[in-house]
Structures are given as structure tokens and as C-alpha cells.
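One structure is given below, encoded as C-alpha cells.
Lettering follows sequence order; numbering is per chain, from 1.
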Amino acid sequence: DPELQIENEHLRVLFDPRTGLLREIQNLAKGFSLPVSQGFYWYNASAGNTQNPQASGAYIFRPNSSTPIPVAKCATTRLLKTPLVQELHQNFSAWCSQVLRLRPGQPYLELEWTVGPIPGTAGHTWAHLGTLGAGQGTAGHSWAHLGIAPRSSSSHLFCPPWQDEKLQLTVLTDRSQGGGSILDGSLELMVHRRLLKDDNRGVTEPLNEPGSDGRGLVVRGRHLVLLDTAAASADQHRPLAQEMTMSPSVVLAPGAGPHLRQVSGEGLW
Amino acid sequence: TGDSSVLRKAVAVAQHHDAVSGTERQHVANDYARQLAKGWDCCQVLVANALSLLGGTKCPFVFCNALNISMCPLSETADHFTVILYNPLARRVAWPVRLPVRGSSYAVTDPEGQPVASQVSLDPTNPPNPPHPPLALGAPGELLFQAWAPPLGFSAFGVKQLSPADPWEPPERPSG
């Protein structure tokens with residue numbers, strides 16, 4: 001598809017045909033768009049040195065450089081367009097992939113990422129981040145002196161005004177993640193990490209979850225991205241955050257199952 | 001008998017800052033996970049009892065805990081099953097359902113028996129006869145449809161396979 005893009009009645013999402021990475025999000029209902037790039041980066045954790053023996057750990061992020069390294073500068077992609085869903089599959093590496101989805105009627109872009117097992121190499125340890133760079137938004141004022149602070153449900157980036165209306169890019173997470181806005185217009189969320197050295201803070205073992213097969217954990221999760229005016233954003237992201245936290249539970253039954261007509265709250269009690 | 005206090009106790013124990021932030025030793029993290037998993041199992045019995053009571057039936061209910069890696073023995077092997085959605089919010093929600101299946105087309109009906117648009121998207125990373133065992137040993141396709149559920153309530157969707165069953169048997173599952 002020469003024009004790598006997915007859309008529904010609310011959003012059109014464009015991708016760079018050369019790199020396969022996210023390039024722009026357009027709000028079709030309101031007629032504005034925002035250049036947005038997104039990818040997966042990693043930081044080299046600190047193993048401690050003569051100046052400062054403190055190694056990275058669960059309490060202290062302390063990467064040995066504040067510049068994240070891209071897992072890959074481009075992704076191999078596969079586009080799927082059907083009446084029920086339009087999605088772009090991105091593969092960054094053997095242990096980092098993502099699917100971006102738009103479904104009819106949903107005013108948000110879903111990013112389902114799968115990261116791991118992170119290959120640990122002697123001495124090097126990695127922390128993974130999914131990061132979003134949106135226009136020239138203002139850097140978030142992090143309340144933790146380290147700039148990386150827990151994001152328990154959502155993060156927002158305020159973007160340059162459009163027709164005097166402030167735009168807002170909102171990212172909803174399906175679990176608490178370390179995150180920060182280190183550079184103006186960027187938002188970083190830590191989706192996975194693997195450390196091979198203890199941080200000497202009492203646990204006396206590195207934060208290195210080998211998983212049941214010893215190769216390291218594979219983590220899969222979702223981020224929902226909304227782009228709207230700042231005035232309209234709360235109405236969108238608050239109910240959505242509730243649905244992410246208290247999502248419906250699915251139960252299956254063989255055959256015709258129970259005669260559960262649509263039983264609603266009042267009928268239930 | 002179902003019992004939600006097991007999960008309540010497990011969540012109470014997991015309020016410790018170690019459980020919240022992951023600063024504990026590995027064997028302690030494993031134990032938090034074990035307690036939560038045990039609590040989850042007891043709650044599934046509770047939900048199954050409630051569904052039996054509401055539906056006036058004793059049919060077995062299946063909870064697929066690995067749907068996020070497209071694994072669900074029932075939907076991968078049965079040609080007729082029911083999907084029940086429980087909505088814990090106090091307002092109606094729409095919810096996209098994705099289930100690993102072996103067939104290539106299905107008829108889905110809503111709680112009123114009306115047809116619901118559905119499709120099977122074949123996952124090329126899980127071809128019917130994989131050249132190499134993929135990461136998640138799932139079925140070759142995923143059945144997609146848009147479901148919904150009333151406030152604080154359930155809704156049940158019927159699923160029937162239309163295409164002849166492709167010759168595909170779920171491979172041996174990795175344990176755990």
C-alpha cells in the first residue's frame with residue numbers, strides 16, 4: 001500500500017512508507033492533525049563505576065546516558081484492512097513488536113506492544129521504553145527529581161494550539177509504568193526492563209525476572225492514544241480509563257450455553 | 001463453592017510496597033503471583049456459580065486466561081460455543097472480542113438472537129501448519145466481533161462455525 005495508513009470515522013493514522021513508523025495522527029471529526037512519531041528505545045542501565053558505585057535497580061532508574069537508543073530505526077510492517085478492524089503490524093526485532101489498531105466507532109488508536117525476552121549480555125543491562133514524540137509539546141513538569149516518575153493511568157502532552165484551541169495528546173496505559181517527558185514534545189513510558197546486577201539496596205539479587213523458561217519475561221500490553229482539543233479530552237479519556245481498568249470479563253460455555261438473555265444490573269439483583 | 005475472600009486477602013497482602021513496585025526478591029514476587037492466581041481461581045468458581053444461577057443451568061463454564069496470547073482450548077476446538085461478557089461498570093460498554101479459532105467463518109448472534117458482524121483474521125505468524133513453532137502456540141486464526149454488555153450485567157453471544165473444520169489440532173501446550 002503506497003500510502004501506509006489506517007483509518008475509521010474518527011481518526012486517520014499515517015505511517016512513513018520508508019521506515020514503517022507512525023508519522024501523523026489526524027482527527028477527522030475536527031479537521032486537525034498532529035505529527036507524531038513513536039518507537040521503541042532502550043537505555044543502558046548503570047552497573048556502577050569508580051565515580052559512583054550505584055547500579056540501576058528497582059528504586060533507581062539511573063541509565064548510563066540520558067539518550068535512549070532505538071531498538072530499530074525502521075520496522076517491517078504488515079497492513080490488515082477489514083470492515084471490523086484496520087491494523088498495522090510492526091516488527092522491530094525478534095523481541096519487540098507492536099500492532100496499531102483502529103476499529104469502527106472508537107475515537108482512539110490502540111497500540112498493542114509485545115516486548116521480550118530481552119536478551120541479556122554480560123555486563124550490559126537494558127531498560128525498554130516505548131516513546132512518543134509529538135510536535136513541539138511542552139516538557140512535562142515531572143514531580144520526581146529524576147524526571148522518570150510512575151504513570152498509573154494516563155499521561156498527557158499539550159501540543160501547539162490549533163485555531164486558538166490547545167490540542168492534547170493523551171496516552172492511557174493498562175498498568176502502572178515508569179514514564180516522563182524528558183524532551184519537549186516527547187513522552188516516554190517504560191514497558192519492560194531487565195537488570196543483570198544487584199543495586200546493593202538490600203535485595204541482594206538483580207531485577208532480572210527469568211520467567212518460567214529462564215529466558216526472561218515476555219510482556220504484552222496496550223496503550224490507547226487520543227488526540228483532541230484539551231477542552232474535549234477529559235470527556236474522552238476518563239470513561240476510557242475506567243473501561244481499561246475495569247474491562248469486561250469473558251467467560252465461555254460449550255454449545256448454546258445458559259439462557260442468559262441480556263441480564264442487566266436491575267435484573268441481576 | 002466460590003469464595004472472593006481469597007482474592008481479597010491476596011490483594012490486601014499485595015499492598016506492600018514491594019508488591020506494588022517490584023522491589024522484592026524473585027521468590028517473594030512468585031509468591032505474590034501464586035496467591036493472586038489462587039484468588040483468581042476461587043473467583044472464577046464464584047462467577048460460574050452466579051452464571052449457573054442466572055441461567056438456570058449446570059453447563060460448565062470456561063475461563064480463558066491466556067486470551068492475550070491467543071490461546072483458548074474451547075474456542076480453538078469447538079464448532080459451537082457461547083461467549084458471555086460480564087460488565088463491572090455502571091454503564092453499557094461495547095467491547096471488541098478476539099478469540100483464537102480453527103475455522104475460517106462463523107455465525108455470531110447477539111442476546112436477542114440477531115446476527116452480529118464477525119470475521120476471522122488469519123494470523124500469518126500462526127499459519128495452520130507452522131514451519132517453526134511460533135512463540136504462542138495458538139490457532140491459525142482469530143474470530144473478531146464487537147460485543148456489548150449492559151450496566152453491571154451480562155450478555156451472551158452465540159458462536160457457530162460455518163466453514164468445515166480445517167484439519168488442525170491444538171499442539172501440546174507448554175506447561176504453566
Side chains of A:Glu205 and B:His27: does their closest heavy-atom pair fall under 4.5 Å? no
Are any non-hydrogen side-chain atoms of A:Ser247 and B:Trp95 less than 4.5 angstrom apart? yes
Are A:Pro210 and B:Gln26 close enough that some pair of their side-chain heavy atoms sits under 4.5 Å apart? yes
Below 4.5 Å from any heavy atom of chain B, which atoms of A:Pro206 appear? Answer side chain, backbone, both or neither. neither
Within a 6.0 Å radius of atom CZ on A:Arg238, are there more than 12 heavy atoms belonging to other residues, nucleotides or ligands? no
B:Gly22 versus A:Ala58, closest heavy-atom pair with distance: O-CB, 3.8 Å
Counting only non-hydrogen atoms closer than 4.5 Å, does A:Pro239 touch chain B with its backbone (N, CA, C, O), its side chain (CB onward), both, or neither? both
For A:Ala253 and B:Cys59, the nearest pair of non-hydrogen atoms, with its separation, is CB-SG, 4.1 Å
Step-by-step side-chain contact (heavy atoms from CB on, under 4.5 Å) determination, B:Leu89 to A:Glu243: CA-CA 8 Å; B:Leu89 289 175; A:Glu243 285 177 33; 3.6 Å; yes
How about A:Asn200: does its CG atom have over 12 heavy atoms from other parts shown lying under 6.0 Å from it? no
Side chain to side chain, A:Val250 and B:Cys64, heavy atoms closer than 4.5 Å: no
Using non-hydrogen atoms only, which part of A:Asp199 is less than 4.5 Å away from chain B: side chain, backbone, both, or neither? neither
Check whether any side-chain heavy atom of B:Ser75 lies under 4.5 Å from a side-chain heavy atom of A:Leu252, and answer yes or no. yes
Are the charged groups of A:Glu110 and B:Arg98 less than 4.0 angstrom apart, N to O? no
Chain B: which of A:Thr82, A:Leu207, A:Val85 shares the most heavy-atom pairs with it under 4.5 Å? A:Thr82
Based on non-hydrogen pairs under 4.5 Å, which of B:Ala78, B:Ala147, B:Ala90, B:Pro60 is most in contact with chain A? B:Pro60
Please examine the side chains of B:Leu51 and A:Val251, heavy atoms only from C-beta on, and report whether any two atoms are closer than 4.5 Å. yes
Can you tell me which portion of B:Gln44 sits under 4.5 Å from chain A's heavy atoms? Options are side chain, backbone, both or neither. neither
Backbone N or O of B:Asn87 within a donor-acceptor pair of the A:Ser249 side chain at under 3.5 Å? no
Main-chain N/O of B:Thr23 paired to A:Arg201 side chain as donor or acceptor, under 3.5 Å: no
Please state whether the side chain, the backbone, both or neither of B:Ala94 comes within less than 4.5 Å of a heavy atom of chain A. backbone
When every non-hydrogen atom of A:Leu80 is compared with those of B:Ser121, the smallest separation belongs to CD2-CB, 4.1 Å
Can you see which heavy atom on B:Ala117 is nearest to which on A:Leu84, and at what distance? O-CD1, 3.7 Å
Nearest heavy atoms of A:Gly255 and B:Thr82, plus distance in Å: O-OG1, 2.7 Å
Roughly how far apart are B:Leu144 CG and A:Arg101 CZ, rounded to 0.5 Å? 8.0 Å
Can you check whether B:Pro96's main-chain N or O pairs, donor with acceptor, with A:Arg103's side chain at less than 3.5 Å? no
Could you check which of B:Arg91, B:Lys58, B:Lys160 has the highest count of heavy-atom pairs closer than 4.5 Å to chain A? B:Arg91
